[in-house]
K.L.:
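I'd like to ask you about the structure that follows.
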Protein chains: 2
Amino acid sequence: MNVKIPSTVNVDLANERKKCTFNPVELTYFLDGGEEKTRERRELETFFLSDSQFLDKIPTDYLSHKEKYQIAVKKSCMLFRKIKEYQEKKGTGTSVALFSSVLGGMLGSALIKDSTPFSLHYVMFLPTILGQASEEQQYHWLTRAWNFEILGTYAQTELGHGTFIRGLETEARYDPSKEEFILNSPTLTSFKWWPGGLGQTCNYAVVVAQLYTQGKCHGIHPFIVQLRDEETHMPLPGISIGEIGSKLGMNTVNNGYLGFKNVRIPRNNMLMKNAQVLKDGTYVKSKNDKLTYGTMIFVRVSLVKNVAAAFLSKAVTIATRYSAVRRQSEMKPGEREPQILDYKTQQYKLFPAIATSYALRFSADWLWDIYNSVNADLEKGNMGGLPELHAMSCCLKAVSTSDSATFIEVCRRSCGGHGYMNSSNFPNTYGMVTAAETYEGENTVLYLQTARFLIKAWNQLKSGGLLSSTVTYLGKIGAPKSQYVHSLDSLLQAYQQVAAG
Amino acid sequence: MNVKIPSTVNVDLANERKKCTFNPVELTYFLDGGEEKTRERRELETFFLSDSQFLDKIPTDYLSHKEKYQIAVKKSCMLFRKIKEYQEKKGTGTSVALFSSVLGGMLGSALIKDSTPFSLHYVMFLPTILGQASEEQQYHWLTRAWNFEILGTYAQTELGHGTFIRGLETEARYDPSKEEFILNSPTLTSFKWWPGGLGQTCNYAVVVAQLYTQGKCHGIHPFIVQLRDEETHMPLPGISIGEIGSKLGMNTVNNGYLGFKNVRIPRNNMLMKNAQVLKDGTYVKSKNDKLTYGTMIFVRVSLVKNVAAAFLSKAVTIATRYSAVRRQSEMKPGEREPQILDYKTQQYKLFPAIATSYALRFSADWLWDIYNSVNADLEKGNMGGLPELHAMSCCLKAVSTSDSATFIEVCRRSCGGHGYMNSSNFPNTYGMVTAAETYEGENTVLYLQTARFLIKAWNQLKSGGLLSSTVTYLGKIGAPKSQYVHSLDSLLQAYQQVAAG
């Protein structure tokens, strides 16, 4: 009865690895961006993963919702200390990138399986201040946020409005007599709903609200609002706050709700890099509306790589290894049961999933390059690349999260009952990725954005205009069909011709 | 801030209902099987659902794994008492059907969201004794099982073998000197793995093991084995037993593992309706191998209706109601935001899902009719309908659970972030249905069974044989193509002609 699970590599798995027809180390370097990057990644992973304080004594799946949250908070705090330790050891300064890779992504999901309630502080709160606060405001808030004197989140979505942000109902009315904004949630549907870390974690938030001044509504604008007492952590007067409840996944993100009743904040808590409200209540319009696109596009671009591609690569790894180890059925009487990896039906499940994980990864890298080059152009005042970048980030965010989620479930089911167990890590992985089909631009809405871009391009073509580089294939309409040969080039041409019509 | 959720029907929902172009009451009667059946169903539902002791004070999603299980056990016990009360009130006798509908199905999932650990007692333990025990054995075991003197499960699947049951490794070796079988789990992979209620709930199990007698292995046979002391509930000597762990869903089913070390059971604990082992160890073969198909086909037939069709009908109801109530975006400036149900993209998600839920329900009813008629034939000794019933139950179990699971996720995503919350009941519903894609015949394996039946039929056709009724369309090969008109008949003919080739 005292059967021990062996600590050596399974023989079937070792044999499969021996049969590899390329050099996997070379591929690893390529994916990481060079040998040095691989070394750095592994050093970082070892530094954090070898620390036994991050191991769960009881897997969190067995704990209550509250206990899961408490452990995520505790681990996050240990992580912050550990990150500081790492920076001191390496002699590097603080960097958002380091926080992002340890709190989110592959390493983050190994340390805190179901995500940390502090991630919005880095992913949205800090970037929004960077992007939308004036220099003076940045100095004040960034210093405090960076030193953990305050913990923030980004409160935009409401119970009644997610996709249609112009429909947000939270109000910020300017009172020039006291130079303050008065925040109110006039309806049930106007309650903020979903922001990560809002439940019990953060004491500040960037709140997006309809700005009223001098009797006129000027649309939605961002405001920094203190939610809880910095010492007691109790909600401030007029603030209704709590967690929205348990979910399919990401249960330690601590998504919250937030309502206001006559909450007053100083005029200077409106983020004023772009639009402004002067002391007397005069509204000064932003010089450029498009500048606020920045964070949104950045988040979508990073989702393609860090969620869609990354989590699918985990799933295909788990499923492929399992398929090498698992043996089932007897093809010829008396012969050993074959590895299920050798069944055609299993290969039809796994191989497209593996191929997709690489395709998504390379598309993500390509999109990052576009993002960086368009951003560099923006700095020089050239906004020409923005519509195409916007369309590509919409399209690839939707396609990649959808394909990734679909294939993660294919991988899970390909492992039979064992895939259904939480210890397989499939359910958690699916929960992470399918969430991204909805948040940061619901996929159907993003497909429609993509369609709108294509129709625009089509009209441009018809009126003799130039097409941006990703849609030049539309010009192939009516071109003589070329002979199909079995090559990637020919396949690409075929897709382009079919798409052009 | 004191916003109350109204208890009246939402106006948008009420308006949609007013627009209905058919009589929904008529449809309800039709689906239930007549007005009287609807009345009975509602009486049963009211009797159980109005009892406040079944309401969760804290939704179980917030509790620990152990607490969820404890509540499921407690509720199940209350249910048993309540069922008895219902029977006394109605003056009816005990019936498996009543237990099944209250413990499983739509009503069951409303009472115990994540399934009861006692279901295998009814779904597998009792039916297996009925189907495979001799009359004398039935008298002994059924009486005890029916009175809850013992609680049983069905232990077939092992860690190493699910699909390929001939590969099961658990051994039952006959010792004629003591007229006992000796049970052993010779390897780690031979441990029983998955049986519902096995973890901490049951004290008996039907165990499927390789039978050895007089030095020869006779393949797998069923044995009744006591696992725990009937008074103390402690595992008996030689029994290793526990829960396998948390899962994507169905977490209160208490799936367990089970290992044996020289566990002795009386000869008479082998279920001997079919094959037998005599006192001296002589093996007497079963007269008919196919008779043990019964339970398997029964379970698959019932999955089409009670899992695939039933749970999809829940999901489409939730998603359609939400889509009527939810309003988003502004089509024309100043106009009220439209109900999302009015968007074409939303309709493309919901309408096929609604249609599929009806198609699955009617296919399930059709399959039940076939099942009953083939069973009636079997009683008369006519086994002719068995291969077709087997093929249909394989095919429809796989297609229906797969389509149902896919559309449940479409429905969930169609509700945006709100669908991701456990309070939407989508995650739980998906967990129930996607499990059925794997258990009771893994879907890919069942598709291959269906393919095998089709190839056989094809060969029969080529050699001039008669085709069974569901595949007569194969005879249409090469038939002159008829003109397609827009009708269901024409659509069916088109499918048949395409399938025949």
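Note that the structure is a prediction, hence the values are computed from the model and not measured. Convention: sequence-line order gives letters A, B, ...; per-chain numbering from 1.
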K.L.:
Would you confirm whether His161(A), through its side chain, and Ser329(B), through its main-chain N or O, come within 3.5 Å as a donor-acceptor pair?
P.N.:
no

K.L.:
Between Tyr420(A) (side chain) and Thr434(B) (backbone), is there a donor-acceptor pair under 3.5 Å?
P.N.:
no

K.L.:
Please list, in residue-number order, every residue in residues 440-451 of chain B that has a heavy atom less than 4.5 Å from any heavy atom of chain A; write 'none' if there are none.
P.N.:
Glu442(B), Thr444(B), Leu448(B)

K.L.:
Would you give the length of the straight line joining atom CG of Leu248(B) to atom CG of Asp61(A), rounded to the nearest 0.5 angstrom?
P.N.:
10.5 Å

K.L.:
Counting heavy-atom pairs under 4.5 Å with chain B, which one of Thr345(A), Asn428(A), Asn184(A), Asn422(A) comes out on top?
P.N.:
Asn422(A)

K.L.:
Does Leu236(A) have more than 12 heavy atoms from other residues, nucleotides or ligands lying within 6.0 Å of its CG?
P.N.:
yes

K.L.:
Determine whether His418(A) and Leu159(B) make a side-chain contact, defined as any pair of heavy atoms from C-beta on separated by less than 4.5 Å.
P.N.:
yes

K.L.:
Out of Gly167(B), Gly419(B), Gly162(B), return the one with the most heavy atom pairs under 4.5 angstrom to chain A.
P.N.:
Gly162(B)

K.L.:
Flag the one option from Gly417(A), Gly416(A), Gly431(A) with the top tally of heavy-atom pairs under 4.5 Å to chain B.
P.N.:
Gly417(A)

K.L.:
Chain A: which of Met250(B), Lys66(B), Glu337(B) shares the most heavy-atom pairs with it under 4.5 Å?
P.N.:
Glu337(B)

K.L.:
Count the heavy-atom pairs under 4.5 Å between each of Ser424(A), Ser423(A), Ala435(A), Ser414(A) and chain B, then report the option with the highest count.
P.N.:
Ala435(A)

K.L.:
If I take atom CD1 from residue Ile340(B) and atom CZ from residue Phe164(A), how far apart are they, to the nearest 0.5 angstrom?
P.N.:
14.5 Å

K.L.:
Just so I understand: if I count every heavy-atom pair under 4.5 Å between each of His65(A), Lys247(A), Arg327(A) and chain B, which residue has the most?
P.N.:
Lys247(A)

K.L.:
Would you mind checking which part of Gln346(A) comes under 4.5 Å of any heavy atom in chain B, side chain (CB onward), backbone (N, CA, C, O), both or neither?
P.N.:
neither

K.L.:
Of the backbone (N, CA, C, O) and the side chain (C-beta and beyond), which part of Ser64(B) lies under 4.5 Å from a heavy atom of chain A, both, or neither?
P.N.:
both

K.L.:
When only heavy atoms count and the cut-off is under 4.5 Å, which of residues 404-413 of chain B reach chain A?
P.N.:
Glu409(B), Arg412(B), Arg413(B)

K.L.:
Is Lys349(A) in contact with chain B via its backbone, its side chain, both, or neither, using a 4.5 Å heavy-atom distance?
P.N.:
side chain

K.L.:
Just wondering, are more than 12 heavy atoms of other shown residues or ligands nearer than 6.0 Å to OH in Tyr348(B)?
P.N.:
no

K.L.:
Based on non-hydrogen pairs under 4.5 Å, which of Tyr430(A), Tyr439(A), Trp193(A), Tyr343(A) is most in contact with chain B?
P.N.:
Tyr430(A)

